[in-house]
Protein chains: 2
Amino acid sequence: MGIIVQKFGGTSVGSVERILNVAERVIEEKNRGNNVVVVVSAMGKTTDQLVSLAKEISSSPNKREMDMLLTTGEQVTISLLAMALLEKGHDAVSYTGWQAGIKTESVHGNARILDIDPTRVQSELNQGRIVIVAGFQGLTESANISTLGRGGSDTTAVALAAALKADKCDIYTDVTGVYTTDPRYVKTARKLLSVSYDEMLELANLGAGVLHPRAVEFAKNYSLPLEVRSSMERETGTIIEEEVKMEQNLVVRGVAFEDEITRVTVLGLPHSLTSLSTIFTTLAKSHLNVDIIIQSTTNEKTNLSFSIKSEDLEETLAVLENNKESLQYEGIESESNLAKVSIVGSGMISNPGVAAEMFEVLANNDIQVKMVSTSEIKVSTVVEESKMLQAVEALHEAFELSGKAVHS
Amino acid sequence: MGIIVQKFGGTSVGSVERILNVAERVIEEKNRGNNVVVVVSAMGKTTDQLVSLAKEISSSPNKREMDMLLTTGEQVTISLLAMALLEKGHDAVSYTGWQAGIKTESVHGNARILDIDPTRVQSELNQGRIVIVAGFQGLTESANISTLGRGGSDTTAVALAAALKADKCDIYTDVTGVYTTDPRYVKTARKLLSVSYDEMLELANLGAGVLHPRAVEFAKNYSLPLEVRSSMERETGTIIEEEVKMEQNLVVRGVAFEDEITRVTVLGLPHSLTSLSTIFTTLAKSHLNVDIIIQSTTNEKTNLSFSIKSEDLEETLAVLENNKESLQYEGIESESNLAKVSIVGSGMISNPGVAAEMFEVLANNDIQVKMVSTSEIKVSTVVEESKMLQAVEALHEAFELSGKAVHS
């Protein structure tokens with residue numbers, strides 16, 4: 001008899017009807033003979049509503065009190081799901097984060113899990129109970145309630161699964177798995193039956209929003225198999241695990257893309273060892289995330305380009321302008337209406353020609369590459385936004401991702 | 001520098017605007033040089049909404065899970081009030097029941113406070129912080145979240161005040177104090193400047209809903225002065241304390257009343273020592289509350305009358321009918337459209353003529369007394385509902401309660 005941890009996100013528990021549906025999925029797993037731990041998020045838009053309430057009181061609410069406020073959202077869900085399971089004749093008990101032994105850093109709003117004491121949850125499982133745990137929350141060393149930040153419920157589920165030495169962690173969501181590319185835009189997109197942790201990490205970071213990168217890292221560290229699957233459909237999802245079983249001939253596993261990208265170029269920086277770090281430290285202090293960075297140096301000066309989300313352009317320009325004196329640059333240019341298109345696959349490491357093939361496909365389609373960034377298992381390019389989907393479709397076809405589901 | 005515990009009920013914190021108003025009242029007390037602990041209830045109708053949600057899932061939701069659900073209500077209020085105080089520049093911190101050290105019986109839905117460990121709250125006060133505590137909730141010995149039942153926030157405030165050796169506990173509500181009778185019905189009703197714990201207990205039990213009887217008992221046991229006052233108006237409220245300062249000449253302090261009362265009479269019970277206890281045990285098992293009880297015994301048989309809330313009549317009759325065999329009665333009669341009218345005052349103990357005077361006043365007004373019940377400090381009568389207000393007004397006048405505020 002194994003232990004399965006199931007995680008259901010906010011949409012999956014968005015109404016009483018959906019909570020009753022989740023209860024059915026939990027009971028199905030229990031009836032397969034497994035011990036079941038369920039991690040849930042706050043119902044639908046609850047968190048947003050609580051944030052609005054706080055914003056009525058303060059434009060920047062105290063973070064400790066914000067955690068106190070937001071954690072009520074998951075507490076409502078766990079109690080309702082426990083009631084639903086009890087009503088259906090199954091023994092169940094709900095636990096807040098602190099009751100489930102989840103200990104975090106002494107940080108509010110974005111704490112990391114330091115340790116989990118699974119004694120209480122394990123003891124309930126030993127008595128045959130289904131245990132429902134509030135995601136996204138924990139307790140600091142000084143007994144203050146903390147939250148884990150965005151994607152926190154994924155992390156709770158994976159960390160709890162690791163602490164309980166669970167056999168598997170199932171992430172139930174509103175899509176049926178991880179796809180070769182976004183099926184809403186590319187009709188030939190296929191569901192992947194399996195991907196490696198590293199591939200999933202790249203895909204998650206590239207905007208395939210089904211799973212939080214932090215949770216993937218956690219699962220990788222503990223070699224814990226994950227499955228991303230639908231809370232509404234019964235079909236098998238995508239397994240995320242070490243790549244022992246993967247096909248070797250499938251070099252590229254997925255094509256990811258993101259629109260509304262802007263390229264900013266800082267012209268004429270002095271040849272100073274610190275000028276680069278100064279620019280990015282200055283931007284980071286204003287919470288401006290920079291993605292791809294390209295530096296070109298001539299004999300006299302350095303030009304620096306980086307990509308940002310277009311919505312951050314105004315603030316980025318303001319920050320650079322305010323720091324013109326210390327940064328000592330000569331001018332700034334920017335180009336909006338760009339998009340990022342990336343290919344991901346762990347097979348790339350041993351296939352040095354993949355990036356070249358990607359550029360060739362784009363060139364054949366008259367798509368100009370404005371920026372490039374590579375890692376061991378991905379190549380990202382920045383192209384004109386108007387040509388984004390054309391690029392995605394061409395790459396999806398060229399790397400033989402179209403068609404039926406990819407087998408592991 | 002003393003410690004003041006302030007309690008604000010659901011109506012007083014029913015909206016963001018009202019929470020901001022409460023923050024002002026808290027700051028006023030802090031600015032008087034006191035250490036302030038604030039106990040709050042859930043916002044307005046929150047608890048009712050959570051109960052409805054649970055009822056969508058189960059007609060009789062699990063009590064442990066119900067406590068898990070309902071305690072989120074106060075947790076929302078404490079965080080918002082803390083944010084409001086911080087926004088106004090005052091150092092404040094919120095605590096759930098368990099964080100504030102409130103330990104209860106291992107019971108759900110109606111737990112009593114067993115003990116309070118005020119270390120954490122006291123330590124925050126020592127650092128000059130305003131401490132906001134969630135009312136109505138605590139933690140059982142096995143670390144499950146429990147609730148205190150109806151009026152629980154009053155009890156939290158008083159118990160916390162006792163544990164902190166506070167100077168006073170102020171109960172802020174939507175009325176300006178305790179009145180000689182209900183001012184909504186009797187225009188000459190006066191606010192009492194002080195009442196004794198015992199008088200307040202009788203008034204609370206008789207439906208003057210400003211304060212929960214359990215909280216009054218607690219305050220009495222610890223000789224903790226309470227003040228019932230308005231959260232909207234600045235005027236002084238009613239002090240509840242030992243009666244050392246009370247006027248001796250004011251025998252009756254208040255007139256209480258309650259409509260929709262039904263009298264049930266069980267006819268022809270056998271002369272058995274156990275028949276009475278059997279009847280009331282049977283009713284109690286069905287959670288039917290009986291108020292006034294009158295027994296009349298003839299040579300052969302016993303007739304028993306008792307008063308109940310009219311809404312419980314149907315169920316009471318059904319319970320009696322179902323147990324006819326074991327109870328061995330001959331018949332049942334009932335009379336509805338009755339009301340209870342009571343006079344309360346600790347001066348009665350030394351004034352044996354008070355009950356007689358009450359009956360005379362009622363007789364002079366052509367009001368028939370259907371049932372009577374007395375204690376050391378109150379006399380309750382059951383009369384026709386249509387004559388209830390007439391009785392209240394006549395008694396209010398006869399016992400010289402009408403006019404301006406009663407001074408202590």
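The chains referred to below are lettered A, B, ... by the order of the sequence lines, with proteins before strands, and numbering in each begins at 1.
Within the 4.5 angstrom heavy-atom criterion, atoms from both the backbone and the side chain of B/Leu80 approach chain A. Residue B/Ile132: no heavy atom, backbone or side chain, is found under 4.5 Å from chain A. For A/Thr77, no part sits under 4.5 Å from any heavy atom of chain B, backbone or side chain. Of the atoms belonging to A/Leu81, not a single heavy atom falls under 4.5 Å from chain B. Contacts between A/Ser142 and chain B at a heavy-atom distance below 4.5 Å involve the backbone alone (N, CA, C, O). With a threshold of 4.5 angstrom between heavy atoms, B/Ala92 approaches chain A through N, CA, C or O but not through any side-chain atom. For A/Glu87, the part sitting under 4.5 Å from any heavy atom of chain B is the side chain, from C-beta outward, and nothing else. Interface remark: A/Glu56 contributes backbone and side-chain atoms alike to the contact with chain B (heavy atom separation under 4.5 Å).
Formation of a donor-acceptor pair under 3.5 Å by the B/Arg64 side chain with backbone atoms of A/Ser94 is found in this model.
For the set A/Leu50, A/Val93, A/Ile19, the entry with the most heavy-atom pairs within less than 4.5 Å of chain B is A/Val93. Note: B/Ile145 leads B/Leu70, B/Asp67, B/Leu20, B/Ile145 in heavy-atom pairs under 4.5 Å with chain A. Ranked by heavy-atom pairs shorter than 4.5 Å toward chain A, the options B/Ala54, B/Ala143, B/Ala82, B/Pro61 are led by B/Ala143. Counting heavy-atom pairs closer than 4.5 Å to chain A, the top residue among B/Ser60, B/Ala84, B/Ser58 is B/Ser58.
B/Thr140 and B/Thr104 form no side-chain donor-acceptor contact under 3.5 Å, judged by distance and modelled atom types alone. Under the 3.5 Å distance criterion, with hydrogens and angles disregarded, a donor-acceptor pair is assigned to the side chains of B/Ser41 and B/Ser153. Checked by atom type, the side-chain pair A/Asn21/A/Glu17 shows no donor-acceptor distance below 3.5 Å. Inspection of the A/Glu74 and A/Thr96 side chains reveals no N or O donor paired with an N or O acceptor under 3.5 Å. When only modelled atom types and interatomic distance are considered, A/Thr176 and A/Ser230 share no side-chain donor-acceptor pair under 3.5 Å.
Ion pairing between A/Glu141 and A/Lys103 fails under the 4.0 Å rule for side-chain N and carboxylate O. Between A/Asp170 and A/Lys7, none of the side-chain N atoms (NZ, or NE/NH1/NH2) sits under 4.0 Å from a carboxylate O, so this pair counts as no salt bridge.
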